[in-house]
Amino acid sequence: MAGPKSPLQSSPSGPLSGVAVVPGDKSISHRALILGALAVGETRITGLLESDDVLATAAALRALGAQVRREDDGDWRIFGCGVGGLSEPSGVLDMGNSGTAVRLLMGVSATLSFNTTFCGDASLSKRPMERVMTPLRQMGAQFTARDGGRLPITVSGARAPIPITYALPVASAQVKTAILLAGLNTPGLTTVIEPEPTRDHSERMLGHFGAEVTVEDTADGGRRITLSGQPELTGHGVTVPGDFSSAAFPMVAALLAPRSRVTLTTVGINPLRTGLLETLLEMGASIGVENRRTLGGEAVADLVIESSSLKGITVPGARAPSMIDEYPVLAVAAAFADGETRLEGLAELRVKESDRLAAMARGLAQAGVDVTETEDSLTIRGGASKPRGGVHIEADLDHRIAMAFLVLGAATQQPISIDDAATMDSSFPGFAALMNGLGANIAPGNGA
Ligand code: S3P
């Protein structure tokens with residue numbers, strides 16, 4: 001059971017300055033643990049994100065029979081069971097708040113010939129799982145789910161898995177990865193066609209672990225990914241870069257606070273993740289991308305951010321897959337931009353850890369920002385005067401809503417509080433300490 005809530009308040013800050021290292025990439029951390037558990041031999045992970053979401057994946061893999069442990073030096077060591085070698089867990093796998101953890105592991109268990117039952121917290125229990133069950137059923141898995149395809153869900157894995165070619169109806173790296181992971185224990189070729197390219201960490205990492213994966217561009221701007229089934233995966237060293245999606249929060253805070261200069265080192269800049277960078281640069285942000293290099297097969301750089309005057313722009317829906325988790329904090333930036341910022345193609349935001357479109361529209365309006373919400377867009381008119389702030393936000397078990405409003409509170413006239421600090425441990429343990437180290441004023445309390 002969750003303990004009592006611990007509210008946090010963010011008060012207007014002075015300049016932000018200094019150098020910070022954001023925690024490891026959440027997407028890459030989940031994938032490294034899972035592929036390590038499906039490989040033969042030792043996988044050593046440096047810089048794993050030790051957040052609640054990733055720890056849920058680690059615990060589930062242990063329950064499925066893999067050896068997963070943290071070493072004294074902070075690295076994680078996994079001795080995997082090989083493709084198809086995991087065994088039936090004796091209990092229910094609690095995936096907490098993590099959509100990525102449950103959807104990826106539903107993919108893994110879809111082609112293992114035993115039953116696996118998943119549950120999650122109140123937020124995860126509301127999220128749609130049909131999007132992974134539809135293709136996995138075609139591969140031979142069966143599911144028992146709550147009404148509407150919600151958790152708890154029992155997966156009865158296929159005894160004789162069938163390879164499929166599946167065109168994703170929505171651009172989703174989680175669904176793509178669930179199918180590819182199911183395809184690992186399936187003979188023949190499993191193919192996923194995505195309407196627009198989504199984060200490709202799975203494809204990259206599968207290749208590093210020894211799987212045969214081909215990626216082709218499609219005529220209409222999407223991608224076709226093909227995996228050869230039943231490879232022998234070999235344990236591998238993985239170094240996890242800093243999470244661009246976490247870096248987004250101090251990045252926007254530094255842009256908004258006057259006379260700031262912040263450097264965030266070793267941040268992942270995989271081009272399928274950095275739509276926010278492109279957007280902020282278009283809005284007039286001063287963000288230097290320095291010391292570009294490669295770390296564990298992923299592009300990284302140091303980001304140097306200076307206070308900037310932003311201007312409103314239209315962000316096309318086609319950019320959404322490359323910045324899907326960054327809209328809450330972009331909406332905060334837009335509240336300070338001169339003129340109108342229009343964010344389009346946001347339907348997927350409604351099925352994240354909370355309905356992020358509604359949460360941002362409601363919270364920004366309460367804080368005095370001029371905002372219009374439609375079914376799939378947000379229009380924010382900023383710049384005339386500094387937003388008032390002075391509100392308390394129920395983050396509704398959504399880490400990114402909590403962090404976005406704490407960033408807002410650093411720049412508004414009056415403080416902003418959120419209901420529970422613990423939710424941020426899903427993706428960014430130590431968020432308040434990192435921000436305060438740069439000069440923010442985030443402290444326990446709800447301003448009551
Ligand atoms: C993720 C994919 C995205 C993203 C999530 C992490 C992943 O979800 O929002 O935080 O690691 O594959 P969708 O696949 O639902 O877009």
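These numbers were taken from a predicted model, which means no experiment stands behind them. Both counts, for ligands and for their atoms, begin at 1 and track the order of listing. We count residues from 1, following the sequence as given.
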With heavy-atom distances below 4.0 Å as the criterion, list the atoms of ligand 1 near [X].
X	answer
Asp325	4 (C), 5 (C), 9 (O), 10 (O)
Lys352	3 (C), 4 (C), 8 (O), 9 (O), 13 (P), 15 (O), 16 (O)
Ala173	12 (O), 14 (O)
Ser172	13 (P), 14 (O), 15 (O)
Lys26	10 (O)

Ligand 1 versus Lys176: contacting region, heavy-atom distance under 4.0 Å:
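Contact part for Lys176 vs ligand 1: neither.
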Which is it for His201 and ligand 1 at heavy atoms under 4.0 Å: side chain, backbone, both or neither?
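It is neither part, as no heavy atom is under 4.0 Å.
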Using the salt bridge (Lys or Arg N to Asp or Glu O under 4.0 Å) definition, which of the options Arg350, Arg362, Arg356 pairs with Glu373?
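Answer to the salt bridge (Lys or Arg N to Asp or Glu O under 4.0 Å) test with Glu373 among Arg350, Arg362, Arg356: Arg350.
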Heavy-atom nearest option to atom 7 (C) of ligand 1, drawn from Arg31, Glu326, Glu348
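Checking each option, the heavy atom nearest atom 7 (C) of ligand 1 is found in Arg31.
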Below 30° counts as parallel, above 60° as perpendicular, anything between as tilted: where do the rings of His208 and His236 land?
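Plane angle under 30°, so parallel.
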With a 4.0 Å cut-off on N to O distance, would you call Arg44 and Asp73 a salt bridge?
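Counted as a salt bridge, because a side-chain N and a carboxylate O are separated by less than 4.0 Å.
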Non-hydrogen atoms of Thr154 and Asn115 that approach each other most closely:
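Distance-wise, the nearest heavy atoms are CG2-CB, 4.1 Å.
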Testing the basics here: between Ile269 and Arg292, what is the closest heavy-atom pair and its distance to 0.1 Å?
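Scanning both residues completely, I find the closest heavy atoms to be CD1-NH1, 3.7 Å.
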Quick one: nearest non-hydrogen protein atom to atom 11 (O) of ligand 1, plus distance?
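Among all protein heavy atoms, the one nearest atom 11 (O) of ligand 1 is Ser27 OG, 2.7 Å.
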Protein heavy atom at shortest distance from atom 6 (C) of ligand 1
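So the nearest neighbour among protein heavy atoms is Thr100 OG1, 3.4 Å.
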Let me confirm one number: the CZ-CD distance from Arg319 to Glu326, rounded to the nearest 0.5 Å.
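Between Arg319 CZ and Glu326 CD, I get 12.5 Å after rounding to 0.5 Å.
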Find the distance between CG (Asp325) and NE2 (His399) and round it off to the nearest 0.5 Å.
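Rounded to the nearest 0.5 Å, the CG-NE2 separation comes out at 7.0 Å.
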